[in-house]
Amino acid sequence: MKLSEQFYLGNDVVAISKSLLGKYLFTCIDSVITGGYIVETEAYNGAIDRAAHSYGNRLTPRTKTMFMQGGIAYVYLCYGIHEMFNIVTSVEGHAQAILIRAVHPTEGIEAMQVRRNMPVLKSNITTGPGSVAKALGISRNINAISLQSDTLWLEDRGLSFNDDQITTGPRIGVDYAGEDASLPYRFYVKGDIYVSKPNK
DNA sequence: CATGCGATTCTCT
DNA sequence: GAGAATCGCATGG
């Protein structure tokens, strides 16, 4: 059921980002399984993408995870508060990653509500990259973990979306990236209530 | 070693 | 719709 390692090794991170929509993402943290299917992603394209941490092949203790072989997690802290979960793709030396911005939860919703401190379920429980990581219990101590592990993995359960149901647009929060900020590297399922806005 | 800032979210207005 | 919270990381001296 898990997506094979081969799935993550392709060199076209933009195409992989789009094909991740509808794939299921699960974590098993503290013996609790939580997850759902992915409804929003963004591609970060290695050395030539000014919006990516790896722009210009910048290799630092933080970014080295992006340079590893695809099929692992890249987790980092942003604004001193929020953990962000990415999926590394391509082969070793090609620093490509996909930011998971929203998940449509199906499993372990009660556990997510506890982690998010949200006694009354709202649709923004897994909307936005920081929220996804928090709801799924993802933190930096699982940075670089394999997606073939029993802690964090993806599954194909036969759900897919056609082009009419998918919207493509520029990425969020990357205005500093100059012309690269307008690249159509964001993909989401049109109208899904768990997608961060705008979602039409 | 000092400094500046970010692939954001929440709360209140 | 605006402002605060908050700290690791990258950069330069």
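Each chain gets a letter, A, B and so on, in the order its sequence line appears, and its residues count up from 1. The figures that follow rest on heavy atoms only: side chains count, while hydrogens, waters and symmetry mates do not. Computed from a predicted model, the values in this text were never measured in an experiment.
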Nucleotide interval of DNA chain B bounded by contacts with chain A (heavy-atom cut-off, under 4.0 Å): B:dG6 to B:dC10
Under 4.0 angstrom, heavy atoms only, what part of the nucleic acid is [X] near: base, sugar-phosphate, or nothing?
X	result
A:R101	sugar-phosphate
A:N86	base
A:R116	sugar-phosphate

OH on A:Y37 to CG on A:D192, rounded to 0.5 Å: 5.0 Å
Spacing of CZ belonging to A:F85 relative to CG belonging to A:L152, to within rounding of 0.5 Å: 4.5 Å
Under 3.5 Å donor-acceptor, A:E42 side chain and A:Y185 backbone: no
Partner set under ring pair (Phe, Tyr, Trp, His ring centres under 6.0 Å) for A:Y8, not counting sequence neighbours: none
Watson-Crick and G-U pairing of DNA chain C, under 3.5 Å, as dot-bracket with | and [ ]: |||||.||||||.
Pairs flagged by salt bridge (charged side-chain N to carboxylate O under 4.0 Å, His left out) wherever residues 73-83 of chain A is involved - sequence neighbours left out: A:E83-A:R140
5′-ward residue of the pair A:M118/A:V174 relative to DNA chain B: A:V174
Aromatic plane relationship, A:H53 with A:Y76 - under 30° parallel, 30 to 60° tilted, over 60° perpendicular: perpendicular
Heavy-atom pair with the smallest gap, counting every atom of A:I38 and A:L20: CB-O, 3.6 Å
A:A52 to A:N45 - nearest heavy-atom pair and separation: CB-N, 4.4 Å
For chain A, the stretch of DNA chain C it reaches, first to last nucleotide, under 4.0 Å of its heavy atoms: C:dA5 to C:dT11
All salt bridge (charged side-chain N to carboxylate O under 4.0 Å, His left out) counterparts of A:R171, not counting sequence neighbours: A:D49
Side-chain heavy atoms of A:R62 within contact of A:Y74, under 4.5 Å: yes
Residue whose closest nucleotide on DNA chain C lies nearer the 5' end, A:Y79 versus A:T63: A:Y79
Nearest-nucleotide 5' precedence on DNA chain C, A:I81 against A:L77: A:I81
Single-linkage hydrophobic cluster, 4.5 Å side-chain cutoff, A:M66 and A:Y55 together: no
